[in-house]
Trainee: 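Take this structure first; my questions come after.
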Amino acid sequence: MENYSPIQETFITKSSENKIIKKRYIIIPLVILLAGIAVLLLPLPETVSAKLHWVIKPFIGLMIICLGVVKLVKAPQYQYTVTGKPVKQKKAFYNLEDKDYLLNCLVHGHIKQNYAIKESSNTALALNVYVESNKNFVAAQLQQFVPYEYQSITDTLFFHGEQAKGLCKALAI
């Protein structure tokens with residue numbers, strides 16, 4: 001089996017045409033956090049009932065703060081640099097019997113129309129896929145489980161346009 005670089009390392013070294021970056025948004029979560037703190041600290045007008053002051057206001061403030069914290073620690077998003085659109089990461093598992101079909105789809109582009117391969121609970125083959133939201137860009141790498149780890153059996157492959165959409169359909173992604 002050849003030694004290929006993992007798919008995540010490929011994004012760093014490939015041309016900007018096929019570049020996917022991790023993007024972490026921190027401004028919006030920080031604004032949400034500040035809004036929650038403001039709800040807790042800022043006084044309400046005297047006309048508001050005491051119950052709102054001591055029960056509802058802290059509850060709402062803490063909920064807003066929790067939302068800000070969750071958004072702050074949330075995993076980074078992937079983004080395709082050419083279009084700026086988000087990219088979803090997916091890992092699908094297939095039976096070893098499907099290896100030849102998967103290799104034909106990925107490496108040679110031989111996609112059978114109206115044939116969708118089904119995912120399996122068997123983890124002999126793993127397909128790491130990064131799909132742009134409109135399915136016009138796909139980055140994929142096939143890995144095989146060789147006791148005690150997954151080893152890449154293809155290089156990272158990039159698909160654009162109709163070829164990417166056809167691959168998504170064939171692999172039911």
Trainee: Does Cys168 reach the side chain of Val131, with side-chain heavy atoms less than 4.5 Å apart?
Mentor: yes
Trainee: What I'd like to find out is whether the side chain of Lys91 reaches to under 4.5 Å of the side chain of Val129, using heavy atoms alone.
Mentor: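 Sidechains of Val129 and Lys91: no contact.
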Trainee: Under the rule for ring pair (Phe, Tyr, Trp, His ring centres under 6.0 Å), what residues qualify as partners of Phe145, not counting sequence neighbours?
Mentor: Tyr150
Trainee: If only atom types and distance count, is the side chain of Lys57 paired as donor or acceptor with the main-chain N or O of Leu42 below 3.5 Å?
Mentor: yes
Trainee: If you group Ile, Leu, Val, Met, Phe, Trp and Tyr by side-chain heavy-atom gaps below 4.5 Å, do Tyr101 and Ile153 land in one group?
Mentor: yes
Trainee: Can you sort out the partners of Lys90 under salt bridge (Lys or Arg N to Asp or Glu O under 4.0 Å), two or more places apart, ordered by chain and number?
Mentor: Glu119
Trainee: Considering only Ile, Leu, Val, Met, Phe, Trp and Tyr, and joining two whenever side-chain heavy atoms are under 4.5 Å apart, list the other residues clustered with Ile37.
Mentor: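 Ile26, Leu30, Leu33, Leu40, Leu41, Leu62, Ile65, Val69, Leu72, listed by chain and number.
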Trainee: Counting C-beta onward and ignoring hydrogens, is there a side-chain heavy-atom pair between Val138 and Leu157 closer than 4.5 Å?
Mentor: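 A side-chain contact under 4.5 Å is absent here.
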Trainee: Using distance alone, with no hydrogens and no angle criterion, decide if Lys99 and Gln144 have a side-chain donor and acceptor under 3.5 Å apart.
Mentor: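 Checked: Lys99/Gln144 side chains pair up, N/O donor to acceptor below 3.5 Å.
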Trainee: What about Val146 and Phe93, same hydrophobic cluster or not, with Ile/Leu/Val/Met/Phe/Trp/Tyr joined at side-chain heavy-atom distances under 4.5 Å?
Mentor: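 Different clusters.
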Trainee: Ring pair (Phe, Tyr, Trp, His ring centres under 6.0 Å) with Tyr94: which residues, sequence neighbours excluded?
Mentor: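 Expected list: none.
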Trainee: Can you find a pair of side-chain heavy atoms, one from Phe137 and one from Phe159, that are under 4.5 Å apart?
Mentor: no
Trainee: Could you go step by step and tell me if Leu106 and Leu127 meet the side chain to side chain contact (heavy atoms under 4.5 Å, CB included) rule?
Mentor: CA-CA 10 Å; Leu106 295 172; Leu127 181 63; 3.6 Å; yes
Trainee: So, for Tyr78 and Tyr130, is the gap between ring centers shorter than 6.0 Å?
Mentor: yes
Trainee: Take atom CG of Leu96 as the centre, draw a 6.0 Å sphere, and report whether it contains more than 12 heavy atoms from other residues, nucleotides or ligands.
Mentor: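 Enclosed: over 12 neighbouring heavy atoms sit under 6.0 Å from CG of Leu96.
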Trainee: Within the structure provided, determine whether Asn136 and Lys165 are in side-chain contact (heavy-atom separation under 4.5 Å).
Mentor: yes
Trainee: Mind checking side chain to side chain contact (heavy atoms under 4.5 Å, CB included) for Lys88 and listing every partner two or more places apart, or none if nothing turns up?
Mentor: none
Trainee: When rounded to the nearest 0.5 angstrom, what distance separates CG in Leu125 from CG in Asp98?
Mentor: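 Reported to 0.5 Å precision, the distance equals 7.5 Å.
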Trainee: Can you tell me how far apart CD (Glu97) and CG (Leu102) are? Round to the nearest 0.5 Å.
Mentor: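 That separation rounds to 11.0 Å.
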Trainee: Tell me whether Gln79 contacts the main-chain N or O of Gly84 through its side chain, where contact means a donor paired with an acceptor under 3.5 Å.
Mentor: yes
Trainee: Kindly write out the residues that satisfy side-chain hydrogen bond (donor to acceptor under 3.5 Å, both in side chains) with Thr83, not counting sequence neighbours, or none if the list is empty.
Mentor: Glu132
Trainee: Could you state the interatomic distance from OG (Ser152) to CD (Gln143), rounded to the nearest 0.5 Å?
Mentor: 4.0 Å
Trainee: Among side-chain atoms of Gln141 and Asp155, is any donor-acceptor pair under 3.5 angstrom?
Mentor: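 Checked: Gln141/Asp155 side chains show no N/O donor-acceptor pair below 3.5 Å.
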Trainee: Out of curiosity, does Leu67 fall in the hydrophobic cluster containing Ile60 (side-chain heavy atoms, cut-off under 4.5 Å, transitive links)?
Mentor: yes
